[in-house]
Asker: 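This structure is in structure tokens; I'll ask about it shortly.
Note that the numbering runs from 1 along the sequence shown for the chain. Bear in mind that the values here come from a model prediction, so they are computed numbers and not experimental data.
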Amino acid sequence: MTIKHKNYSGIPLTGSPHFHSVRTGDFLFLAGATATMTSAENGTMAVQTRVIFERMKYILECEGGSLGDVVKMTSYVTDLSESAKSQTQEIRREYFGESLPASTRAQVAGLDGPSLLIEIDAIAMIPEE
């Protein structure tokens with residue numbers, strides 16, 4: 001089975017060495033996405049969440065899929081109580097509808113930038129062409 005590593009021109013690269021996605025077979029693994037290098041970087045968790053979902057949507061569309069193909073998602077937040085206040089669950093439902101993927105949410109001590117409040121990675125199933 002082939003493993004393909006890919007970056008996307010519509011998403012900036014950070015200083016850390018990584019790829020935006022890795023594909024093997026029908027599985028597409030999306031690296032942790034944040035709102036870094038956008039105006040939302042210093043915004044609320046809700047604003048950052050929207051940027052992350054837009055980035056994920058862009059990658060999935062580039063690969064011939066959609067958010068409906070996401071089967072697993074992990075969210076890393078710096079403050080679980082802020083996560084509830086910022087209505088990130090409602091934003092998630094806006095983007096995914098009733099086809100919500102299996103999800104995990106964990107509080108972390110920090111992310112790769114002092115103003116970042118949330119990071120999300122995902123696994124999608126998109127049939128190989």
Side-chain angles (χ1 to χ4, degrees):
M1 190 172 299
T2 306
I3 298 175
K4 300 174 190 169
H5 301 81
K6 193 167 180 183
N7 285 316
Y8 302 84
S9 60
I11 301 174
L13 288 170
T14 62
S16 65
H18 75 283
F19 289 94
H20 294 132
S21 74
V22 175
R23 180 189 271 277
T24 182
D26 293 344
F27 286 100
L28 182 68
F29 298 86
L30 283 73
T34 65
T36 191
M37 302 173 107
T38 69
S39 59
E41 187 170 351
N42 293 308
T44 66
M45 190 177 291
V47 170
Q48 290 184 18
T49 299
R50 288 186 188 283
V51 167
I52 292 167
F53 287 152
E54 287 298 323
R55 286 182 170 180
M56 288 174 61
K57 181 178 168 189
Y58 173 75
I59 291 172
L60 291 162
E61 288 174 353
C62 286
E63 294 298 321
S66 70
L67 288 170
D69 296 312
V70 175
V71 295
K72 174 71 171 90
M73 191 167 56
T74 304
S75 301
Y76 308 91
V77 298
T78 56
D79 184 346
L80 282 170
S81 65
E82 178 60 31
S83 177
K85 284 188 275 185
S86 66
Q87 300 175 327
T88 57
Q89 300 303 324
E90 288 81 1
I91 295 167
R92 210 170 66 130
R93 201 170 295 281
E94 281 177 39
Y95 278 87
F96 290 90
E98 294 305 313
S99 298
L100 295 168
S103 299
T104 301
R105 181 172 298 247
Q107 182 169 315
V108 295
L111 296 168
D112 192 18
S115 59
L116 297 175
L117 305 173
I118 185 167
E119 181 169 346
I120 303 172
D121 64 30
I123 302 169
M125 288 276 304
I126 303 172
E128 247 186 333
E129 296 178 0

Asker: From Thr74 OG1 over to Asp121 CG, what is the distance, rounded to the nearest 0.5 angstrom?
Answerer: 4.5 Å
Asker: Is it the case that the side chain of Thr38 and the backbone of Ala35 share a donor-acceptor pair, with hydrogens and angles ignored and the cut-off at 3.5 Å?
Answerer: yes
Asker: Do Pro101 and Val71 come close enough that some side-chain heavy atom pair is under 4.5 Å?
Answerer: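 Of all side-chain heavy-atom pairs linking Val71 with Pro101, none is under 4.5 Å.
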Asker: Drop me the distance from Phe19's CZ to Tyr8's OH, to the nearest 0.5 angstrom.
Answerer: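 It is 11.0 Å, given to the nearest 0.5 Å.
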Asker: Examine Met37 and Ile59 and state if one hydrophobic cluster contains both, with Ile, Leu, Val, Met, Phe, Trp and Tyr joined whenever side-chain heavy atoms are less than 4.5 Å apart.
Answerer: no
Asker: Begin from the C-alpha positions of Ser103 and Arg92 and carry the test side chain to side chain donor-acceptor pair (under 3.5 Å) through to its verdict.
Answerer: CA-CA 11 Å; Ser103 299; Arg92 210 170 66 130; 2.4 Å; yes
Asker: Test side chain to side chain contact (heavy atoms under 4.5 Å, CB included) on Leu60 and Leu28; report intermediate values, then the result.
Answerer: CA-CA 9 Å; Leu60 291 162; Leu28 182 68; 3.9 Å; yes
Asker: Flag yes if Tyr58 and Phe96 sit in one hydrophobic cluster, no otherwise; membership is Ile, Leu, Val, Met, Phe, Trp, Tyr, and two members link when side-chain heavy atoms are under 4.5 Å apart.
Answerer: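 Yes, same cluster.
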Asker: Evaluate Tyr95 against Glu54 for side chain to side chain donor-acceptor pair (under 3.5 Å), listing each step before the verdict.
Answerer: CA-CA 9 Å; Tyr95 278 87; Glu54 287 298 323; 2.8 Å; yes
Asker: Hey, are the side chains of Arg93 and Gln87 touching, using non-hydrogen atoms and a 4.5 Å cut-off?
Answerer: no
Asker: Hey, what do you get for CD (Glu61) to NZ (Lys57), rounding to the nearest 0.5 Å?
Answerer: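 One finds 5.5 Å between CD of Glu61 and NZ of Lys57.
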Asker: Going by atom types alone, do Lys72 and Thr104 pair a side-chain donor with an acceptor below 3.5 Å?
Answerer: yes
Asker: Please report the interatomic distance NZ(Lys85) to OG1(Thr44), rounded to the nearest 0.5 Å.
Answerer: 11.5 Å
Asker: Tell me the closest heavy-atom pair linking Val70 and Ala122, and the distance in Å.
Answerer: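 Nearest pair, atom of Val70 first, then Ala122: CG1-CB, 4.0 Å.
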Asker: Could you give me the CA-CA distance, side-chain angles and deciding distance for Thr34 and Arg55, then say whether side chain to side chain donor-acceptor pair (under 3.5 Å) is met?
Answerer: CA-CA 9 Å; Thr34 65; Arg55 286 182 170 180; 4.8 Å; no
Asker: If hydrophobic clusters are built from ILVMFWY residues whose side chains come within less than 4.5 Å, do Val47 and Ile52 share one?
Answerer: no
Asker: What's the verdict on side chain to side chain contact (heavy atoms under 4.5 Å, CB included) for Val22 and Phe27, showing C-alpha distance, side-chain angles and the deciding distance?
Answerer: CA-CA 8 Å; Val22 175; Phe27 286 100; over 6 Å; no
Asker: Assess whether side chain to side chain contact (heavy atoms under 4.5 Å, CB included) is satisfied between His20 and His5, documenting all intermediate values.
Answerer: CA-CA 8 Å; His20 294 132; His5 301 81; over 6 Å; no
Asker: Within a strict 4.5 Å, meaning less than it, do heavy atoms of the Ser75 and Ile120 side chains meet?
Answerer: yes
Asker: Which atom pair, heavy atoms only, marks the closest approach of Ile91 to Ala46?
Answerer: CD1-CB, 3.6 Å
Asker: Would you say Phe29 ends up clustered with Met125 if hydrophobic residues are merged whenever their side chains have heavy atoms under 4.5 Å apart, either directly or through other cluster members?
Answerer: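 Met125 and Phe29: one cluster.
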Asker: Could you check Ile118, Thr88, Thr78 and say which one makes a side chain to side chain contact (heavy atoms under 4.5 Å, CB included) with Ser83?
Answerer: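 One option only clears the test, and that one is Thr88.
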Asker: Looking at every heavy atom in both Gly65 and Asp69, which two are closest together, and how far apart are they?
Answerer: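 Result for this residue pair: CA-OD2, 3.1 Å.
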Asker: Is there side-chain contact between Gln107 and Glu82, with at least one heavy-atom pair below 4.5 Å?
Answerer: no
Asker: Work out which heavy atom in Gln48 is nearest to a heavy atom in Leu117; give both atom names and the distance.
Answerer: OE1-N, 2.8 Å
Asker: Only pairs at least two apart or in different chains count here, so list each salt bridge (charged side-chain N to carboxylate O under 4.0 Å, His left out) that has a residue in residues 19-35.
Answerer: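 Those involving residues 19-35 are Arg23-Glu63.
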Asker: State, with a plain yes or no, whether a side-chain heavy atom of Asn7 is found less than 4.5 Å away from one of Leu13.
Answerer: yes
Asker: Under 4.5 Å between side-chain heavy atoms, counting indirect links through other Ile/Leu/Val/Met/Phe/Trp/Tyr residues: same cluster for Met45 and Met73 or not?
Answerer: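 Met45 and Met73: one cluster.
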Asker: Give me the atom names and distance for the closest heavy-atom approach of Leu67 to Phe53.
Answerer: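 Taking every non-hydrogen atom into account, CD2-O, 4.4 Å.
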Asker: Mind listing the closest non-hydrogen atom pair of Thr36 and Leu116 along with its distance?
Answerer: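 Scanning both residues completely, I find the closest heavy atoms to be N-CD2, 3.9 Å.
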Asker: Begin from the C-alpha positions of Asn42 and Ser115 and carry the test side chain to side chain contact (heavy atoms under 4.5 Å, CB included) through to its verdict.
Answerer: CA-CA 5 Å; Asn42 293 308; Ser115 59; 3.1 Å; yes
